[in-house]
Undergrad: 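What follows is a single structure, and I will ask about it in a moment.
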Amino acid sequence: MSNIRERLADIVGERFVSDKAEDLYFYGRDPGLMPAVHPDWVVLPETVEEIQGIVKMAQMEGIPVVPMGAGMSLSGLVIPQKGGIVVDMKRMDRIVDINEKARYVIVEGGTSTGRLNAYLNKKYPRLRFSIPDSPAATTVAANVMIHGQGRLTQQYGFNSDMVSGLEVVLPSGELCRIGSCAISNEWFSKGAPLPDLSGLFLGWFGATGIITKAGIKLYPRKLLRDVEIFVTDSPDFIPEIIYEITHTEMTEDINIFSQPLPLIFKDNHHVVIYFTGDSEEEIEFRKKTVFHSLDLFIRNKDGGFMSVGAGMKKSLLEMPQRNASTFADVTKGGGFEYSGPIITIDKYPQCTRKLDELAHKYDLKYHGTARIIGRGHAMMFAFSFTFNRSDADMLDRTRKALHEASQYALSIGGVFWKPTIDEQKMALQKMDPEFARLLKMIKTNLDPQGIMNPGNWESK
Amino acid sequence: MFDLKFDENLCLSCPTGACLVKCQYMELDKEQAKEEIINIFRGKDSPVLKECVTCYACEEYCRRGNHPFYLITQRREDKGILTAPRAITRQWVNIGEPKGKYEVGRISKKALSFGFMPQFLDITKGRLFEDVMPSYFFGQEFFCNVVYIHFGNTSVIKKRLPGVIKQIHDLGVEEVVFMHDECFAAFDSLGPAFGMQIPFRSVHYFQYLYERLQTLKDLIKPLDVKAAYQRPCSNRLCSETHKYLPVIMDMIGVDLVQRTYEDENALCCGSIFRSMFGYDLAADVQKRNIDDMTDNGAQYCIFNCHGCQNAMTAKIQARGIKPVHLVELCRMAIGEDPEKGV
Ligand SMILES: Cc1cc2nc3c(=O)[nH]c(=O)nc-3n(C[C@H](O)[C@H](O)[C@H](O)COP(=O)(O)OP(=O)(O)OC[C@H]3O[C@@H](n4cnc5c(N)ncnc54)[C@H](O)[C@@H]3O)c2cc1C
Ligand code: SF4
Ligand code: SF4
């Protein structure tokens, strides 16, 4: 374990390695609630070869390696549980290639969603990708790694479903291509028609390798977007409302929110429906179809379309939506965290009632959101709380509320999304033992020393 | 405690039944109209209570001093007949809830009321308003709450409006210029109709603009444009103010195009129809309304209500018509540039 700092400096250059206390302090935490653990070194590689060098050295020395994008996944996934090296991917932010006609782009492992967005805006205005509502600094590779969801998720599923190929540095330091790019120069598929090995990496939080390149699918970008909000006073109507809207296949995306403040939103549930089209006529036709799909609710007075003012419309149409970040600081003091299980839509009423109950029980400011995944195949329901970081009691209450929310979601058939290490343990305990054994077999084979983001998906 | 003043005898002797005969959303002859309104007054069931789309127009159609639409509203509430989806009503009731976030300028004897719409601060600038600004107020505490007649809900008005009257009175103003029809109507029509005393003088901003333009007439350069006017539902509650509109247009050199849907026949912006009844009625009314503007050569659509402006702006722009608030148009006529905030 001698001279690690120097050996890292040999690989990435003196400027891009640090073991300074202030850097280790910063890299030991994320904006969520998990306790900090400081790394021993931080490196910022620029090339695939440098990453291979880092991983090989770490392998030889048995040092943990934690890849990190923007570090904003909130659930402690970049906190180096056993110290070691944090590999900050931000310098690997190039757009490697794009195939316009086949609608995919290849980006490096640290390319931010903001950068890709700006690139497409400028060079390929007829193409788009699925942008999550996280800040623009968050990375494409991390987002597919954690099965994120963004715009278009209602049409095409999780962001990981939109992957079209991967290049990964394995825990051995070897470089491996996954998908069509394994036998061709084209990155159009992450698996089919070959065996789909992307599952050896996606969802593993870097515990089986570091993504150095990701191919992701691009989609037609229509000239116009618009938004409408259907409101109902009872969560019990939501599953049926979503079923009807998704049946039309007319929408870009569907989100749901409920929150007690500001007063305009109090006691109602808001189904935010996004539309796209290349002409006013196209959008109008889509809207008309969706409005009519909800006629029965309107006639029975169970729900209706609210007027959306110009200001609200503008903020809802932003990509990413900044109001997610604004809410994150409602309590002031910069704390924001959510438990966001993936769960079937029929559980919406239960989840929202539980959220209400938890917010009252623990006296917290809350916000319930759901993002529809696929044509109503599932949703991400976020039990979100904001808190003041300097208020220890509030931190404790938030932790308890989140823990209870997670347990509840699991008990009613939900599956954790980007779970904390504690939640991963809960999931491993509950899951089919053969599935857990398979996970273990994969992890042990790929990473026998357990150096890659240790703690994650580790079963006894 | 606040009961609607409604004189059944006026209806019994009414020569026209105009309130419902002229209704654009129901087909009733004179006898049926009178019978239904009397039925409603007497607390009986009436299809009108279900079918009325709350366009407010019968308040204008009745020229005999009765309040047919306030009556319909009151009876709907008595009978628990909902007009809008519950969530929409709830949302509106929440919007009007006082929040302690009101704003009061440097109040003098005369003041402008913006209701709860801060956007008026952006347009009440320049010479037209120099004799009153910065004497203004807005916020939920000063919100007239009249909009709840769309939702068959008079009790929230009866509960909140007396407090609003007191708030305004406590400012020490003698005369209030209301920038929104509904607010003016609250103190000029609805409040008095329900027996409320109003301790200040209410002036509609049409009258205010007319008087100011007369004072500033040397500055006026005729705009020489063709425009359609989008008359809002709430102007039906204070229909005597409508007479100022053609006069003002004349003063500033705007040619109001002749339309099918003007004056008493004006059509709603569609916003509230959409929220209450869904797609078809709103789409039909908007289409007829906008076709009528373009068919008659309007270059501008003049708005008097920000709600209408929000609901129609994109649609009229797509048809090549420019949206403009009446205040902005008057400011343009005296050489100001409202877009630059000059
Ligand atoms: C205000 C706010 C709004 C949000 N909204 C959304 C949303 O709408 N949709 C959504 O999906 N998420 C959302 N998130 C969660 C999260 O921020 C995003 O999913 C984001 O894309 C994560 O990216 P990151 O670069 O910050 O990931 P990080 O936190 O840096 O990393 C996440 C995980 O991926 C691993 N990892 C990172 N890079 C690599 C790599 N190259 N190879 C292997 N493993 C790697 C890390 O080790 C970690 O386990 C939101 C977060 C915030 C703060
Ligand atoms: S409300 Fe007016 S118009 Fe209608 S019947 Fe009575 S008096 Fe006539
Ligand atoms: S408010 Fe309009 S729709 Fe209702 S009865 Fe009066 S005129 Fe007819």
Side-chain angles (χ1 to χ4, degrees), chain A residues 224-238 241 248 250 258-271 277 279-314 317, chain B residues 50 76 80-101 116-119 122 140 143 147 150-152 269-284 286-287 290 305-319 323:
Chain A
L224 305 170
R225 288 181 77 226
D226 205 351
V227 60
E228 297 282 351
I229 304 180
F230 190 80
V231 285
T232 178
D233 58 343
S234 167
D236 295 326
F237 294 120
I238 292 285
I241 288 169
T248 67
M250 285 288 152
S258 66
Q259 59 191 63
L261 285 171
L263 270 182
I264 178 174
F265 300 131
K266 189 167 178 283
D267 295 334
N268 279 335
H269 297 263
H270 306 74
V271 182
S279 64
E280 291 289 351
E281 290 74 32
E282 186 182 345
I283 292 230
E284 203 54 37
F285 174 76
R286 289 171 183 272
K287 281 191 185 178
K288 183 175 171 175
T289 311
V290 168
F291 267 67
H292 283 317
S293 76
L294 299 175
D295 270 346
L296 192 63
F297 294 95
I298 298 173
R299 264 202 305 281
N300 292 341
K301 313 290 182 197
D302 293 331
F305 285 89
M306 64 179 268
S307 328
V308 185
M312 189 189 281
K313 194 170 262 197
K314 189 164 167 248
L317 289 173
Chain B
K50 297 237 162 57
R76 277 176 154 158
I81 298 173
L82 298 181
T83 55
R86 296 178 305 277
I88 298 284
T89 305
R90 176 180 278 178
Q91 181 182 68
W92 274 93
V93 172
N94 286 344
I95 290 173
E97 186 75 44
K99 305 192 187 80
K101 284 194 176 165
F116 70 35
M117 291 180 277
Q119 54 269 51
D122 296 330
Q140 269 66 5
F143 168 51
V147 69
H150 276 307
F151 306 115
C269 68
S271 157
I272 207 82
F273 291 175
R274 229 166 166 262
S275 298
M276 301 212 296
F277 313 113
Y279 192 87
D280 292 336
L281 177 64
D284 169 62
Q286 284 186 333
K287 182 173 182 324
I290 299 172
C305 163
H306 281 106
C308 300
Q309 196 159 348
N310 185 44
M312 293 179 71
T313 288
K315 292 201 158 58
I316 59 165
Q317 279 174 333
R319 305 281 294 271

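Order of the sequence lines sets the chain letters (A, B, ...), proteins ahead of strands, with each chain counted from 1. Because the structure is a prediction, the values reported are computed rather than measured.
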Undergrad: As an exercise, state the distance from CD1 of B:I95 to NZ of A:K266, rounded to the nearest 0.5 Å.
TA: 13.5 Å
Undergrad: Select, from B:T89, B:I88, B:I272, the one with the greatest count of heavy-atom pairs under 4.5 Å involving chain A.
TA: B:I88
Undergrad: Quick one, B:R274 and A:E228 - any side-chain contact, counting heavy atoms below 4.5 Å?
TA: yes
Undergrad: Using only atom types and a distance under 3.5 Å, with no angle test, would you say the side chain of A:S307 pairs donor to acceptor with the backbone of B:S271?
TA: no
Undergrad: Which one wins on heavy-atom pair count under 4.5 Å against chain A: B:A84, B:A314, B:P85?
TA: B:P85
Undergrad: A:V290 versus chain B, heavy atoms under 4.5 Å apart: side chain, backbone, both or neither?
TA: neither
Undergrad: At what distance, to the nearest 0.5 angstrom, does CD of B:Q91 lie from CD1 of A:I229?
TA: 8.0 Å
Undergrad: How far apart are the closest heavy atoms of B:G278 and A:F291, and which atoms are they?
TA: C-CD2, 3.9 Å
Undergrad: Please answer whether the main-chain N or O of B:R86 pairs with a side-chain N or O of A:D233 as donor and acceptor at a distance below 3.5 Å.
TA: no
Undergrad: Among A:R299, A:H292, A:K287, single out the residue with the greatest number of heavy-atom pairs under 4.5 Å to chain B.
TA: A:H292
Undergrad: Using a 4.5 Å cut-off on heavy atoms from C-beta on, say whether the side chain of B:N94 contacts that of A:I264.
TA: no
Undergrad: Would you mind telling me which of A:D302, A:D267, A:N268 has the largest number of heavy-atom pairs within less than 4.5 Å of chain B?
TA: A:N268
Undergrad: So which of A:E284, A:H270, A:K313 has the largest heavy-atom pair count under 4.5 angstrom toward chain B?
TA: A:E284
Undergrad: Just so I understand: if I count every heavy-atom pair under 4.5 Å between each of B:T313, B:L82, B:V93 and chain A, which residue has the most?
TA: B:L82
Undergrad: Got a salt bridge between B:R319 and A:E280, using NZ or NE/NH1/NH2 to carboxylate O under 4.0 Å?
TA: no
Undergrad: What part of B:T83 lies closer than 4.5 angstrom to a heavy atom of chain A: side chain, backbone, both or neither?
TA: backbone
Undergrad: I'd like to know which of A:V231, A:L294, A:N300 tops the heavy-atom pair count under 4.5 Å against chain B.
TA: A:V231
Undergrad: Crowded around B:K101 NZ? As in, over 12 foreign heavy atoms under 6.0 Å?
TA: no
